[in-house]
Amino acid sequence: MTAVAGHDELPGLMLRVGAATDTGRVRSLNEDSALAEGGIFVVADGMGGHAAGEVASGIVVETMRELVPREDLTADDVTKQLLLANERILEAVDSHPEQKGMGTTATGLALVTAGGADHWAVFNVGDSRVYREIAGTLTQVTVDHSEVQELVDAGVITPEEARVHPARNVVTRSLGTDYAYQSDIWVLPPYAGERFVVCSDGLTNELTDARLREILQRHPDPQEAAEELVRAAVDAGGRDNVTVVVVNLDGSVGDDLSVTSPRQSGEDTAPRGQMSDKE
């Protein structure tokens, strides 16, 4: 388990962190990568199969790791680092043409400064997710960049139908594309006792939000929660790689739960002809 006690940016608080991953029952290679270090927490779900999706997700994690020692980090710094990760993936493809087609999602949270106070910056590109639990209420913070999410938003299908839709693995944004990486950023104030779940869609394609919440409530320890979430997803089918990072914030802070609107860079969705179909 990765633990951060008395982090300088959140005096008087303690971050307890757990992480787990599994290749699943179907795939032979784990293309997910994760980071839980300092105040930076990331899950990246690589795509491309033989085209080295694990390379793309690894580039994201190593690029985001560079933020760990940075002081006075801002949400804009996080956005710029995601752009840098995108550029590095494209450079890797230029150097290794056999990796053409590789890409990755990227989602997570970072401790940042906003308005002179400590905040969380939740970021997302693709269909991996960040959930937030406060006082037993679980909320999905991120919005999936996927074809089925657009169909749900348009009222064409229900969320339940989206879980089994044949296009459920088609993402409309990803890193490793030269048209635009288009990240979303939400800035949230910290709240004592809150928990975050950062995960690849290998978790959410197998478990409902209700099941996710149930497991979190049964396992207050973040490492135990992460391991049990992954185990449950594999037991439910394990059709994809499953990666989970659970972050607990223990301590005493203010109760301001206001949420800023997501700050988006680029259009809402990528051009239809430039989607990535995750293998």
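For clarity, every value in this text was computed on a predicted model and none was experimentally measured.
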* Structure fact -> Heavy atoms of Arg173 and His145 approach each other most closely as NH1-NE2, 3.3 Å
* **Close side-chain approach of Tyr131 and Val141, heavy atoms under 4.5 Å** => no
* To do: For residues Val230 and Leu203, determine if any side-chain heavy atom of one lies less than 4.5 Å from a side-chain heavy atom of the other.
  => no
For the side chain of [X] and the backbone of [Y], is there at least one donor-acceptor N/O pair under 3.5 Å apart?
X      : Y      : result
Asn248 : Pro220 : yes
Ser95  : Ala92  : no
Thr79  : Ala75  : yes
Gln81  : Thr63  : yes

* **Residue list, side-chain hydrogen bond (donor to acceptor under 3.5 Å, both in side chains) with Glu227, at least two apart or on another chain** => Gln223
* **side-chain hydrogen bond (donor to acceptor under 3.5 Å, both in side chains) against Thr104, all qualifying residues, sequence neighbours excluded** => none
What's the spacing between [X] [atom1] and [Y] [atom2] if we round to 0.5 Å?
X      : Y      : atom1 : atom2 : answer
Asp201 : Thr105 : CG    : OG1   : 7.5 Å
Asp22  : Asp235 : CG    : CG    : 9.5 Å
Arg218 : Glu228 : CZ    : CD    : 5.5 Å

* So, Asn241 versus Thr23: side-chain donor-acceptor pair below 3.5 Å or not? -> no
* Asked: Does any donor atom in the side chain of Thr142 or Asn124 lie under 3.5 Å from an acceptor atom in the other side chain?
  -> no
* Structure fact -> Residue set satisfying ring pair (Phe, Tyr, Trp, His ring centres under 6.0 Å) with Phe196, at least two apart, ordered chain then number -> Trp120
* To do: Could you check Asp127, Asp32, Asp45, Asn205 and say which one makes a side-chain hydrogen bond (donor to acceptor under 3.5 Å, both in side chains) with Ser200?
  => Asp32
* Considering only NZ, NE, NH1 and NH2 on the basic side and carboxylate oxygens on the acidic side, decide whether Arg88 and Glu91 come within less than 4.0 Å. => no
